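Inspection log for the structure reproduced underneath, given as structure tokens.
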Amino acid sequence: MKTHLLLIKLLTLLVLSTSQHFDFFYLVQQWPGSQCDSKFSCCYPTKGKPKPDFGIHGLWPNWINGSYPSNCDSNSPFNSSEIIDLVSQMESHWPTLSCPSNDGQKFWGYEWNKHGTCSKSVLDQHDFFSTTLKLKTQINLLGALQDAGIHPNGSEYTMTSIRDAIKGARGYTPWIECNRDVSGNSQLYQIYLCVDSSGSRFIECPVTLAKKCSPSIKFPLF
Ligand SMILES: *[C@@H]1O[C@H](CO)[C@@H](O)[C@H](O)[C@H]1NC(C)=O
Ligand SMILES: *[C@@H]1O[C@H](CO)[C@@H](O)[C@H](O)[C@H]1NC(C)=O
Ligand SMILES: *[C@@H]1O[C@H](CO)[C@@H](O)[C@H](O)[C@H]1NC(C)=O
């Protein structure tokens, strides 16, 4: 009987202490050309057209069972005053493409409230954004692709060549998500890489994602 109660206590503790926990992050980057030429279209941010580079979508805490926590703390809403020193970097590496045109605060706020609040125990608001920027710059996806002769010029490339170029140059296997342009062609939309739960280094992804792409996909101009 005693052991039974102890077990229940332990289980309760375990459930409580892991409820806000997560196992790893996805760093998700998007190719702006594939957002803008899809049926959803895009609007350039107030500051103007972003440079032709991958832009950050977000840093998403995730569980190894494939699901993820979201909107974990409504008591720590996004506060733009905390990231004033990062805004110019955010504008170039984390540009918004949503309509109507805006300065990006809405996008960043959404990402913090939905995802960032779930990794708050590891990265506070300023660290969440600065860490994401650092990881993005470090992995330099466009550089890795271009070094392998893969250019955003509207040509088609095989999924394998894109994956191998990134894995070969940076050491980590990316997951690639496609969308369709207005003519229905499959194209490179988002690239996922995994990061350890402290946000300090890239890791091989502990789960496999099934993303629907054709064997050969377009890399559109932007
Ligand atoms: C995945 O794991 C987390 C943490 O252990 C748990 O809270 C969540 O309910 C699990 N989700 C599914 C769909 O199994
Ligand atoms: C937002 O952050 C600033 C700077 O850290 C702080 O002074 C201010 O109190 C915060 N505002 C809210 C509503 O929490
Ligand atoms: C895109 O670049 C590749 C590699 O330089 C080249 O082989 C291909 O012909 C180019 N495609 C277009 C449409 O310019």
Side-chain angles (χ1 to χ4, degrees), residues 10-26 31-34 36-37 52-54 60-90 103-106 108-131 141-166 168-169 181-183 185-188 194-198 205-210 214-222:
L10 274 173
L11 281 175
T12 313
L13 254 178
L14 199 68
V15 167
L16 285 176
S17 61
T18 55
S19 60
Q20 292 286 299
H21 190 62
F22 63 98
D23 301 316
F24 67 98
F25 288 104
Y26 282 122
W31 179 249
S34 302
C36 295
D37 76 357
D53 186 12
F54 285 91
W60 301 345
N62 222 81
W63 286 308
I64 45 176
N65 63 15
S67 87
Y68 62 92
S70 62
N71 299 102
C72 297
D73 188 359
S74 56
N75 293 320
S76 322
F78 177 66
N79 177 350
S80 58
S81 312
E82 305 228 342
I83 57 160
I84 288 169
D85 62 319
L86 301 174
V87 165
S88 68
Q89 279 189 76
M90 303 272 290
D103 62 6
Q105 298 278 348
K106 205 174 138 199
W108 307 329
Y110 177 86
E111 289 298 314
W112 167 260
N113 294 333
K114 180 170 180 190
H115 301 284
T117 54
C118 300
S119 51
K120 213 171 56 107
S121 56
V122 182
L123 301 172
D124 66 17
Q125 205 169 128
H126 186 272
D127 287 350
F128 176 74
F129 290 104
S130 64
T131 298
L141 286 179
L142 188 60
L145 292 174
Q146 289 186 322
D147 287 348
I150 297 171
H151 301 279
N153 64 359
S155 278
E156 295 213 341
Y157 298 93
T158 64
M159 275 286 288
T160 325
S161 67
I162 293 171
R163 194 180 297 146
D164 290 354
I166 294 168
D181 68 12
V182 286
S183 317
N185 301 304
S186 181
Q187 57 180 0
L188 201 175
C194 293
V195 174
D196 77 323
S197 60
S198 64
C205 288
V207 293
T208 52
L209 281 171
S214 305
S216 181
I217 60 176
K218 189 174 101 170
F219 194 6
L221 273 168
F222 179 63

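Computed over heavy atoms, backbone and side chain alike; hydrogens, waters and symmetry mates excluded. Everything quoted here is computed from the prediction, not taken from an experiment. Read the numbers this way: they start at 1 and go in the same order the structure lists the ligands and their atoms.
Ring planes of Phe219 and Tyr157: perpendicular class, angle over 60° (limits at 30 and 60°).
How far OG of Ser130 is from CD of Glu82: 11.5 Å, rounded to the nearest 0.5 Å.
With ring centers used as reference points, Trp112 lies under 6.0 Å from Phe128. Centroid-to-centroid, the aromatic rings of Phe22 and Trp63 stay 6.0 Å apart or farther.
When only interatomic distances are considered, the shortest N/O to N/O separation between Asn65 and ligand 1 falls below 3.5 Å.
No hydrogens or angles considered: a donor-acceptor pair under 3.5 Å links the side chains of Gln187 and Asp37.
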Run through all N or O atoms in ligand 3 and write down each protein N or O closer than 3.5 Å, as a pair with its distance.
| from | atom 1 | to | atom 2 | distance (Å) |
| --- | --- | --- | --- | --- |
| ligand 3 | 2 (O) | Asn153 | ND2 | 2.3 |
| ligand 3 | 11 (N) | Asn153 | ND2 | 2.9 |
| ligand 3 | 11 (N) | Ser155 | OG | 2.7 |
| ligand 3 | 14 (O) | Asn153 | ND2 | 3.4 |

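Listed by chain and number, the residues in a salt bridge (charged side-chain N to carboxylate O under 4.0 Å, His left out) with Lys114 amount to none (sequence neighbours excluded).
Distance alone, capped at 3.5 Å, places no donor-acceptor pair between the Ser186 side chain and the Ile217 backbone.
Those atoms of ligand 2 that come under 4.0 Å of a heavy atom in Asn79, given as number and element, are 1 (C), 2 (O), 3 (C), 8 (C), 10 (C), 11 (N), 12 (C), 14 (O).
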